[in-house]
Amino acid sequence: MKGRVSQVLIHITGCVIFLALPIVFSPDASNLSDLWRYPPALKDFLVYLVILLFFYFNYFVLIPQYYFRRKYLAFFLISLVSFTVIVLLPNMLVDFRGGPPREGYEWPANNPMPMPSDRHPHEMQHSPMEQADEMSRQGNDAPPPGMHPGAMPQRDHHMVSRSILLDIGHQVFLFLAVFFFSLILRITDRWRQTEKEKLNAELSYLKAQINPHFLFNILNTIYSLAVEKSDQTGTAVVKLSQMMRYVISDAGHQLVPLSREIDYLGNYIELQKMRFGDQLPLSFTVTGQATGQLIAPLILISFVENAFKHGVNAAENTDIKIAVSILENQLHFSAFNNKVNIKELPETEGGIGLENTRKRLQLLYPASHTLVIKDEINYFEVSLSLQLS
């Protein structure tokens, strides 16, 4: 929700800045109200407005419906029609010359500039010498001596034609810039969405691999209790049901409360205590408070499983130490076990849990975690520092 609000605000800000450009760079209009008094500035504003509408039309309709579906001919034809509308519509709504002439002037139908005979009477009351001085002051804009004033419209037509070409060239540049910008932006968004779906699919696959491994270890523990006809078998089943509820209901989310993850670890360790009894030297400590922090589910259990898997043997000295430390949004987890001789079962070979956890950490916390694994001759130790949400 927060991300969508920020996106909307970015779009609104971009639209306002884009529509303000013709006002900022117009020599006549200094604010929005001036647009109605200076038609050339109004026409530029309409061009920018229509191009902005085309941006969203291209982004939300043309690219998804035609370009991504490989209907390239229809896509470019509709874009060409849109460009034609962008060029013609503002010129149809606003006269290119900038509206009607100033008061006191009347432009003939075949002459875009007023002739000397069309000037106001007080402008004609000058002597030939004054007229020559005026023509000298005007420089190249006045006709040379002996040239009939009627020759002026031809030059003015060239100026108007050049202005039209420059105007259309500016519109072509704006159109192409907006066209390719919307295309690149849409393609980038689709690529990000594809990568996100790929990430979710891979994470689901990794968690699906963890769950059977978890079930095998826990069921093996309950089986051992049942064989021994322990009174703790019923309690172990309750612990397992709590853990399964967590796996089924909570672990499907991308993030879960840290307190639930720690409870999950505690239930697993309690089951192992039931299995091995007092002969298992075990230390499990939690320091700090879990007060609303979030963590990826099932991200720590593999390290705990590994400690019991490779550190427990009734005929040898066993030493397992598991610690969780919480400092605001920083989590530090450590798991230590001395190595003992164990008989590997075919179902548990290959270190699936640890490898999956390593991959999940790289995908979910690419720049906010530090994982150090020490695999020595006599002991195995994991140290994980994690920045929580």
Side-chain angles (χ1 to χ4, degrees), residues 202-218 221 239-240 242-273 280 282-312 319-337 348 351-375 379-389:
E202 186 167 356
L203 288 176
S204 298
Y205 172 72
L206 292 176
K207 285 194 289 187
Q209 283 186 315
I210 289 175
N211 290 342
H213 187 54
F214 149 77
L215 284 175
F216 174 83
N217 288 334
I218 296 302
T221 298
K239 294 283 186 183
L240 177 60
Q242 292 175 349
M243 297 176 70
M244 288 299 299
R245 186 178 298 110
Y246 173 75
V247 171
I248 294 173
S249 62
D250 292 345
H253 300 87
Q254 292 201 1
L255 295 174
V256 296
L258 177 61
S259 58
R260 299 294 304 276
E261 181 76 3
I262 294 176
D263 290 342
Y264 179 79
L265 297 181
N267 286 332
Y268 179 86
I269 292 172
E270 286 298 321
L271 285 173
Q272 296 291 10
K273 284 183 177 180
L280 177 63
L282 172 65
S283 171
F284 176 54
T285 59
V286 179
T287 58
Q289 296 293 325
T291 56
Q293 301 94 329
L294 300 177
I295 189 173
L298 304 176
I299 203 72
L300 303 175
I301 186 61
S302 294
F303 301 128
V304 178
E305 287 181 341
N306 186 77
F308 282 96
K309 174 183 173 183
H310 296 283
V312 177
D319 186 15
I320 297 177
K321 298 175 183 177
I322 299 169
V324 177
S325 176
I326 307 166
L327 182 60
E328 295 181 353
N329 289 334
Q330 189 73 25
L331 172 72
H332 181 74
F333 170 86
S334 63
F336 170 91
N337 67 274
T348 64
I352 293 177
L354 286 181
E355 185 61 28
N356 281 351
T357 301
R358 190 197 301 269
K359 289 181 180 179
R360 290 186 66 204
L361 285 169
Q362 292 173 353
L363 291 170
L364 296 173
Y365 301 94
S368 56
H369 85 280
T370 302
L371 177 62
V372 178
I373 297 178
K374 295 181 180 180
D375 189 0
Y379 71 91
F380 188 92
E381 185 176 11
V382 174
S383 178
L384 172 65
S385 294
L386 194 63
Q387 187 70 31
L388 301 174
S389 301

Q: Check the pair Tyr246, Asn267 against side-chain contact (heavy atoms from CB on, under 4.5 Å), reporting the backbone distance first and the verdict last.
A: CA-CA 11 Å; Tyr246 173 75; Asn267 286 332; over 6 Å; no
Q. Given Val324 and Leu331, is the side-chain contact (heavy atoms from CB on, under 4.5 Å) satisfied, shown in steps?
A. CA-CA 7 Å; Val324 177; Leu331 172 72; 3.5 Å; yes
Q: Would you please test Gln272 and Tyr268 for side chain to side chain donor-acceptor pair (under 3.5 Å) and show each step?
A: CA-CA 6 Å; Gln272 296 291 10; Tyr268 179 86; 2.9 Å; yes
Q: Could you please spell out the steps behind the side-chain contact (heavy atoms from CB on, under 4.5 Å) verdict for Thr291 and Leu258?
A: CA-CA 8 Å; Thr291 56; Leu258 177 61; over 6 Å; no
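Remark: Ser368 OG to Leu361 CG distance equals 9.0 Å, nearest 0.5 Å. Rounding to the nearest 0.5 angstrom, the gap separating the NZ atom in Lys239 from the CD1 atom in Ile269 is 11.0 Å. Between the CD atom of Glu270 and the CG atom of Leu282 there is a distance of 9.0 Å, given to the nearest 0.5 Å. In this structure, CG on Leu300 lies 7.5 Å from CG on Leu386, to the nearest 0.5 angstrom.
Every residue was checked against the salt bridge (Lys or Arg N to Asp or Glu O under 4.0 Å) condition with Asp263, not counting sequence neighbours, and none meets it. Legend: residues meeting ring-ring contact (aromatic ring centres under 6.0 Å, His included) with Phe284, ordered by chain and number and at least two apart, are absent. Applying the side-chain contact (heavy atoms from CB on, under 4.5 Å) criterion to Ser283, with sequence neighbours excluded, gives Thr285, Lys321. Residues passing the side-chain contact (heavy atoms from CB on, under 4.5 Å) test with Leu364, sequence neighbours excluded: Leu203, Ala296, Arg360. By the side-chain contact (heavy atoms from CB on, under 4.5 Å) test, Leu255 pairs with Leu294, Tyr365, Ser389, sequence neighbours left out. Residues passing the side-chain hydrogen bond (donor to acceptor under 3.5 Å, both in side chains) test with Ser385 are His332, sequence neighbours excluded. Arg260 is linked by a side-chain hydrogen bond (donor to acceptor under 3.5 Å, both in side chains) to Asp250, counting only residues two or more places apart in sequence or in another chain. Phe336 meets the ring-ring contact (aromatic ring centres under 6.0 Å, His included) test with Tyr379; sequence neighbours excluded. Annotation: salt bridge (Lys or Arg N to Asp or Glu O under 4.0 Å) contacts of Arg245 (sequence neighbours excluded): none.
Leu240 approaches Leu271 most closely through the heavy-atom pair N-CD1, 4.5 Å. Residue Gln289 comes nearest to Ile326 through the heavy atom pair O-CG2, 3.5 Å, listed as atom of the first residue, atom of the second, then distance. The minimum heavy-atom distance linking Val256 with Glu261 is given by the pair CG2-OE1, 4.5 Å. Across Thr357 and Ser302, no two heavy atoms sit closer than the pair OG1-OG, 3.0 Å. The two residues Ala307 and Asn337 come nearest to each other via the heavy atoms CA-OD1, 3.5 Å. Glu328 and Gln293 make their closest contact through O-NE2, 2.8 Å (heavy atoms, listed as atom of the first residue, atom of the second, distance).
For the pair Phe333 and Ile299, the minimum side-chain heavy-atom distance is 4.5 Å or more. Taking the side chain as every heavy atom from C-beta outward, Val372 and Val382 never approach each other to under 4.5 Å. At least one side-chain heavy atom of Phe303 sits under 4.5 Å from a side-chain heavy atom of Leu371. For the pair Gln330 and Gln387, the minimum side-chain heavy-atom distance is below 4.5 Å. In this structure, the side chains of Phe380 and Lys374 stay at 4.5 Å or more apart for every pair of heavy atoms. Side-chain contact between Glu305 and Leu354 is absent, with no heavy-atom pair separated by less than 4.5 Å.
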